[in-house]
Number of protein chains: 2
Amino acid sequence: MRTISQPEAVTIDTRDDQEDLGALFAQITRRVIDAERPLLHARGLSMWEYIALSRLAIGSAPTQQALAEQMGYDKTRLIDLLDKLAVAGLVQRRPDPQDRRARIVAITPSGRARHRAVRNDIRALERELLAGFSDDEQRALRAALTRLVQAHDS
Amino acid sequence: MRTISQPEAVTIDTRDDQEDLGALFAQITRRVIDAERPLLHARGLSMWEYIALSRLAIGSAPTQQALAEQMGYDKTRLIDLLDKLAVAGLVQRRPDPQDRRARIVAITPSGRARHRAVRNDIRALERELLAGFSDDEQRALRAALTRLVQAHDS
DNA sequence: TATTGTTATACTCTATAACTATA
DNA sequence: TATAGTTATAGAGTATAACAATA
């Protein structure tokens with residue numbers, strides 16, 4: 001591997017080997033996802049299915065479109081995803097009495113159990129990932145990430 | 001054999017609305033990339049082309065395969081990417097005298113100039129992204145990200 | 001007319017296999 | 001036999017347009 005140990009830079013903008021923040025995030029994201037995929041697969045879920053269950057675990061979605069927006073997913077792709085989750089008995093779609101176009105999406109007890117199981121696996125992996133970080137460092141990192149996510153929410 | 005630290009059952013593990021670390025990283029990555037894409041496009045580069053130039057700005061690649069591995073990219077897709085960069089005069093491929101199968105890839109002065117221009121745009125955007133963070137917080141965040149990237153390099 | 005859910009289609013990105021020329 | 005570069009193709013993932021039912 002590359003071992004270019006540079007002294008701390010004065011003006012980072014002129015250094016060619018200073019990693020872009022976006023590149024750092026992209027690398028970490030890919031590695032975390034690659035590590036999590038087998039855990040999800042072992043319990044019969046795809047990444048997007050897990051994300052959907054995670055959202056629904058917080059509360060039901062009034063419409064599929066709302067769920068798609070919360071997930072940052074495409075509403076047309078969500079259809080097939082929910083079909084599979086429904087067949088597996090992990091979610092339930094029922095028509096909204098107020099608006100018969102809409103379908104309220106809710107997680108089932110079985111879906112909640114599956115979600116918790118996967119989530120515990122994933123959190124164990126995350127603890128391993130952050131093993132070298134002190135509690136304070138972990139809190140600081142999580143706080144920074146949360147700020148970054150919410151910064152662009154406006 | 002690696003042991004997964006088990007006995008510490010913490011309170012956060014039972015919360016459904018605690019964001020996964022992976023989800024946080026994925027969200028931030030997507031947003032950063034979405035914000036950077038127009039900057040890259042305005043200067044005629046794709047994300048992967050920029051990544052290639054970033055690597056080559058540090059030093060030439062002895063083989064295309066080595067470059068692909070450094071980038072975390074596929075060697076077969078790299079061909080077309082380098083073709084376009086070469087046609088644009090941003091990189092140069094010359095046969096290795098030592099091994100006539102290999103082609104040494106180097107960035108051209110024009111490529112370096114283009115890379116610097118885009119990089120400055122991107123860094124300006126990153127500064128904007130971290131506007132709410134103090135210098136210490138920015139350093140801490142970057143240090144944490146760097147640690148996470150290198151942790152799995154082994 | 002606008003919106004929800006849906007389907008079909010096209011497009012992009014990615015992965016795999018196979019070929020050539022060298023070693 | 002193995003490796004670097006290349007090509008072609010198949011597959012997954014994604015985006016876009018259009019439709020029926022309802023508001």
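We name chains A, B, ... by the order of the sequence lines, and we start the count at 1 in each one.
Residues satisfying the salt bridge (Lys or Arg N to Asp or Glu O under 4.0 Å) criterion with B:Arg100, sequence neighbours excluded, are absent altogether. By the ring pair (Phe, Tyr, Trp, His ring centres under 6.0 Å) test, B:Tyr50 is found to be paired with B:His115, residues two or more places apart in sequence or in another chain being considered.
Listed in residue order, the members of residues 97-104 of chain B having a heavy atom less than 4.0 Å from DNA chain D are B:Arg101, B:Ala102, B:Arg103.
Linking ILVMFWY side-chain heavy atoms closer than 4.5 Å, directly or via other members, places B:Leu53 and B:Ile33 in a single hydrophobic cluster. Neither B:Val32 nor B:Met71 shares a network with the other; the hydrophobic side chains, linked directly or stepwise wherever heavy atoms of I, L, V, M, F, W or Y lie under 4.5 Å apart, form separate groups for each.
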Strictly under 4.0 angstrom, non-hydrogen atoms only: write out the protein contact profile of nucleotides 7-20 of chain D, one letter per nucleotide from the 5' end, B, S or -. B------BSBB---
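Note on A:Glu69 versus A:Lys75: no salt bridge recorded, every NZ/NE/NH1/NH2 to OD/OE distance being 4.0 Å or above. With salt bridges taken as basic N to acidic carboxylate O contacts below 4.0 Å, one links A:Asp83 and A:Arg93. Of the charged side-chain nitrogens involved, none lies within less than 4.0 Å of a carboxylate oxygen, so that B:Asp80 and B:Arg77 do not count as a salt-bridged pair.
Of the N and O atoms on the side chains of B:Asp136 and B:Ser134, not one donor lies less than 3.5 Å from an acceptor on the other residue.
At whole-Å resolution of the value, CG in B:Leu67 and P in D:dT6 are 12 Å apart.
First and last contacting nucleotides of DNA chain C toward chain A (any atom under 4.0 angstrom from a heavy atom, 5' to 3' order): C:dA2 to C:dT7.
Annotation: salt bridge (Lys or Arg N to Asp or Glu O under 4.0 Å) contacts involving residues 102-115 of chain B, sequence neighbours excluded, comprise A:Asp16-B:Arg112.
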Does the pair A:Arg31 and A:Gln27 meet the rule for a side-chain contact (heavy atoms from CB on, under 4.5 Å), with working shown? CA-CA 6 Å; A:Arg31 282 174 185 181; A:Gln27 280 183 69; 4.1 Å; yes
